[in-house]
> 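My questions all concern the structure below.
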Amino acid sequence: MSQPIRVLLAKVGLDGHDRGVRVVARTLRDAGMDVIYSGLHRTPEEVVSAAIQEDVDILGVSLLSGVQLTVFPKIFKLLAEKGVSDMIIVAGGVMPDEDVVELKNMGVHEVMLQDTPPDAIVKTLTRLVTERGPR
Amino acid sequence: MSAYVPSTALIPRAEAGEIPSIARLISRAEAGLPEARPALAQIYKKAGRAHVIGITGVPGSGKSTLVAALAARLRALGGKVGIVAVDPSSPYSGGAILGDRIRMTELAQDPGIYIRSMATRGAMGGMARATLDAVDILDLGGFETVIIETVGVGQDEVEIAKASHTTVVVSAPGLGDEIQAIKAGMLEIADIHLVSKCDRSDANRTLMDLKQMLTLGAHSGPRPEWQVPVVGVCSFNGQGFEELVDAIQKHQHTLSTESGKKRRLSIASFRLQKTAENLLIERFTQASAALRPKLAERLSARDGDPYTLASELLAAALA
């Protein structure tokens with residue numbers, strides 16, 4: 001029996017738009033994944049501590065408020081402090097192209113913008129987990 | 001943790017209370033891999049200190065919210081509190097939305113509280129297959145209380161009572177006549193009856209219904225030494241929680257009595273039976289996978305009957 005991929009989908013900061021992340025949650029559920037949704041207005045500390053407690057394969061952060069270059073460095077710093085280095089970090093939402101480049105340099109595995117088709121998200125996440133290997 | 005760390009090597013770290021190692025061990029238990037079994041065996045032998053509280057009730061009765069409020073109260077008394085919250089898997093895709101955690105966000109920053117969401121993955125009875133393994137792992141990690149929140153249950157999912165030291169059954173007000181329907185199965189398993197959402201005006205009616213129902217069986221109940229209390233709580237304003245914590249502690253004390261020993265033995269007996277069933281199902285499902293489609297075709301064409309073909313399948317798989 002293959003193990004369902006575990007994903008935490010998170011909304012961070014003052015961003016009240018979660019229709020997108022809910023659509024993604026439903027898509028991933030229908031693709032057979034275990035999906036935990038953080039709810040709105042979480043802090044990076046809350047999100048990282050939840051991701052570690054839940055031991056998720058993937059932490060996905062949805063951002064529509066433009067604060068990605070503030071939030072992701074915090075997330076990586078907190079994960080490093082806890083000694084967690086094998087979590088796959090992905091970003092979703094609306095953001096400028098130059099930010100996408102910067103996030104990838106920072107260690108974000110994949111950035112999926114607002115025009116990403118749902119099945120492409122499933123394929124990308126499945127590929128990332130396969131590439132990582134067993135843990 | 002980038003390289004694969006063997007499960008047995010995670011045990012000392014989990015025992016020291018390191019959350020990433022505790023979390024990883026629970027994942028390995030959930031995966032059910034043979035690699036994790038020797039580790040789980042060691043953990044079971046070391047565990048046995050935690051008080052296990054089972055919380056069950058119908059969907060939407062307020063279980064997650066009250067688990068959060070209860071955990072905060074128990075935490076204030078000192079010990080670490082672990083929570084295993086079970087939600088259903090989709091029967092179609094096998095996926096799940098694990099939504100209990102969202103009602104527990106105020107606990108997220110307390111390092112003495114650990115919350116783990118778990119999908120049922122087809123398991124019946126209100127818990128997941130690895131729920132009790134997770135309880136052992138948290139027990140090993142020094143969590144003095146472990147709360148199991150079952151999936152929202154109907155009438156028949158009473159396994160939680162066979163696995164927990166103290167079983168709390170949650171009823172919400174306003175279910176009216178439906179409460180009658182729950183009573184037969186659920187009333188019997190409760191060590192403590194809880195009525196949630198007591199800020200609602202119809203909560204008193206539910207409290208009265210439960211209390212009256214209990215008095216009907218007061219002289220013939222299976223546990224005459226324990227009077228099942230009915231406690232009303234409101235998770236938002238904290239009303240009733242002192243009484244709840246008090247009832248839980250009183251019930252915990254009964255576990256050191258003679259009937260408490262019986263309870264521990266019956267918990268072990270249930271665990272043994274359940275684990276054996278799971279191993280059998282696993283073995284059978286694997287061994288019968290090749291033959292099942294052929295026999296299903298015959299059954300569908302009415303070339304054979306369910307009992308004969310199932311016996312054939314069993315004989316072939318467990319040969």
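The chains referred to below are lettered A, B, ... by the order of the sequence lines, with proteins before strands, and numbering in each begins at 1.
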> Determine the option with the most heavy-atom pairs under 4.5 angstrom with chain A, choosing from A119(B), G99(B), S117(B), G94(B).
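Highest number of heavy-atom pairs under 4.5 Å: S117(B).
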> Would the number of heavy atoms belonging to other residues, nucleotides or ligands and lying under 6.0 Å from CZ of F284(B) be above 12?
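Above 12, so yes.
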> For the residue pair E30(B) and R6(A), what are the closest heavy atoms and their distance?
OE1-NH1, 3.6 Å
> Taking atom types as modelled and ignoring hydrogens, do the side chains of D55(A) and S27(B) form a donor-acceptor contact shorter than 3.5 angstrom?
yes
> Under the 3.5 angstrom rule, does the side chain of R26(A) hit a backbone N or O of I97(B) as a donor-acceptor pair?
no
> Could you look at L25(B) and say if it's the side chain, the backbone, both or neither that has a heavy atom under 4.5 Å from chain A?
neither
> Identify the two heavy atoms, one from R29(A) and one from S93(B), that lie closest to each other, and give their separation to 0.1 Å.
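For R29(A) and S93(B), the tightest heavy-atom pair comes out as O-OG, 2.6 Å.
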> Using a 4.5 angstrom heavy-atom cutoff, name the option from M87(A), E46(A), E54(A) with the most pairs to chain B.
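Winner by heavy-atom pair count: E54(A).
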> At what distance, to the nearest 0.5 angstrom, does CG of D86(A) lie from OH of Y4(B)?
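D86(A) CG to Y4(B) OH: 11.5 Å, rounded to 0.5 Å.
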> For I102(B) and S38(A), which heavy atoms make the closest approach, and how far apart are they?
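That closest heavy-atom pairing would be CG1-O, 3.6 Å.
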> Evaluate whether atom NZ of K104(A) has more than 12 neighbouring non-hydrogen atoms of other residues, nucleotides or ligands under 6.0 angstrom away.
yes
> Decide yes or no for I19(B) and Q53(A): does some side-chain heavy atom of the first lie under 4.5 Å from some side-chain heavy atom of the second?
yes
> Step by step, work out the side chain to side chain contact (heavy atoms under 4.5 Å, CB included) result for Q3(A) and R28(B).
CA-CA 10 Å; Q3(A) 207 43 21; R28(B) 299 259 173 93; over 6 Å; no
> So what's closer than 4.5 Å to chain B heavy atoms on R42(A): side chain, backbone, both or neither?
side chain
> What is the distance from atom CG of D110(B) to atom OG of S49(A), rounded to the nearest 0.5 Å?
9.5 Å
> Please name the pair of heavy atoms, one in G95(B) and one in D34(A), separated by the smallest distance, quoted to 0.1 Å.
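Closest pair (atom of G95(B), atom of D34(A), distance): C-OD1, 4.4 Å.
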> Taking side chain as everything from C-beta outward and backbone as N, CA, C, O, which of these in R116(B) sits under 4.5 Å from a heavy atom of chain A? Side chain, backbone, both or neither.
both
> So for atom NZ, which belongs to K74(A), do other residues, nucleotides or ligands contribute more than 12 heavy atoms lying within a distance under 6.0 Å?
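Check fails, neighbour count at 12 or below.
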> Take atom OH in Y44(B); do more than 12 heavy atoms of anything else shown fall under 6.0 Å from it?
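No, because the 6.0 Å sphere around OH of Y44(B) holds 12 heavy atoms or fewer from other groups.
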